[in-house]
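Below: one structure, written as structure tokens.
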Amino acid sequence: MNLLELLRGRFFKALEGWAPDPLTASALVKPATDAKFGDYQANAAMSLGKAMGKPPRQVAEEILAKLKWDDILEKPEIAGPGFINLKFRNEYLQGQLTVAANDDRIGIAGVSRPGRFVIDFSGPNVAKPMHVGHLRSTILGESLARLHRFLGHMVITDNHLGDWGTQFGILLYGYRNQLDAENLKKNPVAELARLYVEVRKGFKSGTDEEAEGDPVQDACRLETVKLHQGDKENLALWKQFMPFCLEEIDAVYQRLDVHFDHTLGESHYQPMLAKVVADLLGQGIARESQGAIGIFLTEEGTPALIRKRDGAYTYTTTDLATIDYRIREFNPTDILYVVDSRQHLHFQNLFETARRWGRTGPENGPRLVHVPFGSVLGADRKPIKTRDGKAVANLDQLLDEAVRLAGEIFDANRAEDAEPENRAMVAETVGIGAVKYADLCQNRTTDYVFSWEKMLAMDGNTAAYMQYAYARCQSILRKAGAGPDTLDTKASIHLATAEERNLAIQILRMEEILVASASELRPNILTGYLWDLAKSYSSFFQNCPVIKAPPTLLPSRLLLCHLVARCLKLGLELLGIKVIERM
RNA sequence: GCCCGCGUAGCUCAGUGGAUAGAGCAACGGUUUUCUAAACCGUCGGUCGCAGGUUCGAUCCCUGCCGCGGGCACCA
């Protein structure tokens, strides 16, 4: 049940026919800014009063005269300059909770008009160790995919691997000059990772000028060019290396519970690039300049190059071919790119070029959306760059550390009926959850200060808090003998205390939250909700005995625990975070 | 130089054209014979960078300024 939409619908009907722009005015129904004002509030009377030349409070009276409220709301109150405060009747909430308890989607409807979303995320460079910088795209993308799917959209996830770039030249160079053949046989994944790091160590560091004329870098570039030109040996090595590279990143995805429908890397589009360039040249969208071919979107601005002087194509070319391919293959309504905000200009250029190319427009093709996110900052608050190849916290080490800490906390805190044999599982779930949540709970667009301390904190607004609340729900249900078959989901719910009523509202707000979180592409809206829900539950837990509740309240409270557990589990699942029955 | 983003409590960060700007951490104090104390309750803490403007109402929208970060032709 979407309470917000329900109220907006009611207000729209009340305003229709006499107020200007009833749609905008009804959208001014919002969650109450303070619980003492009720559950929701309508702020339309002030602006309507101005527009209609009447005192706002009088307008509020007129709205209320036309508003149908008595079946769902307490009598609405007009407050202050003309706020209309709205509070649901307990009978209504109780009825909706019963509906939710007997629905396998907790009463959450899907969207009425499903879209087809291609979501492009993660996109690591293979042959290059994954580090914390890859975390945000991976975690955000997975969460957005899960959210959209749950709401009924068709979702196609695609991992646009960097499997054809200069980093492969580095591997090829390393293979030829610094190979430990023995190690390659025994542990190919580790040997390739070692080669990459070793070769990078030999690079001249510092500014671009200083790195200019670096013989090692030049040699690596040459290997890349040979690969792109179809050099047999390099191509054979590429084919030999790829499975090992994929094995390494797949292990990380498995651990993070991240999944893709497609993994179409840059190499997949190689055969299409020449035609893209020819096409853009032919249509006069691109032109030759200083030996390269570029797209000049503005008179004075720098062009987006689609072919370099040496004949190599760029990522703009690949991305254009990818758009073309995705439209033909998937016919999406939307393509989302979950990519670092530093690439914003690239996407602006890309989308504008796609438009001129006729692939998208107001009347045709998908909506192309860059979903930007802030940089990973080091302790010095400077972005951790992937280009300089400096040691950045390795992803696996990071996850191991999180899991280790979660294990320690398990040892220090575990409840009497926790199961020691589950220690590893609990630590893994809590540790990985902590890392994911630390990322998801922040506004996507802000920079992310990398801090072990913050990531591994188990206090406050963290996954562990939600997992803990869930485990407490399950513990109560277990002790009450209320299993899947024995819980009375038809029991009538009583909202006897403020804590219970608060829980009821929280549970029923979930649909509104999921819709907002998906449409704004912001999982932190969902984390904020889960935090509120879990806090409400902790408060309930503290103040409302369940098992020792009077017989009239016991079935109701059990059902509330059950519903909270389901909301927490679903919400965390949509963030890609797992729950545990005992911790 | 041009473009993009950011500036909110000691720290890390939410937040919205609406009522008294919130949370976590830190600090301080309280709560356990009772369903998991990884918890709960409370106290302390603010010229929402500065100055104008639009508005019935601005931390939010607009303009200027200051500060910080990022991007801007052959890396992706």
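We name chains A, B, ... by the order of the sequence lines, and we start the count at 1 in each one.
- Picking from B:rA19, B:rC4, B:rA14 the nucleotide with the shortest atom distance to the side chain of A:N443 gives B:rA14.
- With hydrogens and angles ignored, the 3.5 Å screen pairs no side-chain donor or acceptor of A:R221 with any backbone N or O of A:T166.
- Below the 3.5 angstrom threshold, one finds no donor paired with an acceptor across the side chain of A:T318 and the base of B:rA76.
- You'll find that the side chain of A:Q542 is closest to B:rC40, out of B:rC40, B:rA14, B:rC74.
- For A:D340 against B:rA76, no side-chain N or O and base N or O form a donor-acceptor pair under 3.5 Å.
- Looking at the side chain of A:R472, the nearest of the listed nucleotides B:rA19, B:rA38, B:rA37 is B:rA37.
- B:rA38 has no stacking from A:Y468 on its base ring, since the centres under 5.5 angstrom apart and planes within 30 degrees of parallel are not both found.
- Looking at A:K479, its side chain has no donor and acceptor atom pair within 3.5 Å of the base of B:rU36.
- A stacked arrangement is not assigned to A:F541 and the six-membered base ring of B:rA39, the conditions of a centre distance below 5.5 Å and an interplanar angle below 30° not being jointly met.
- Across B:rC35, B:rA39, B:rA14, the shortest atom-to-atom separation from the side chain of A:Q442 is found for B:rA14.
- Side-chain proximity of A:R522 to B:rA73, B:rG15, B:rA38: nearest is B:rG15.
- For A:K128, no side-chain nitrogen or oxygen approaches OP1 or OP2 of B:rA76 to under 4.0 Å.
- A donor N or O paired with an acceptor N or O is not found under 3.5 Å between the base of B:rA38 and the side-chain atoms of A:Q467.
- Among the nucleotides B:rA38, B:rC72, B:rA19, the one closest to the side chain of A:L345 is B:rC72.
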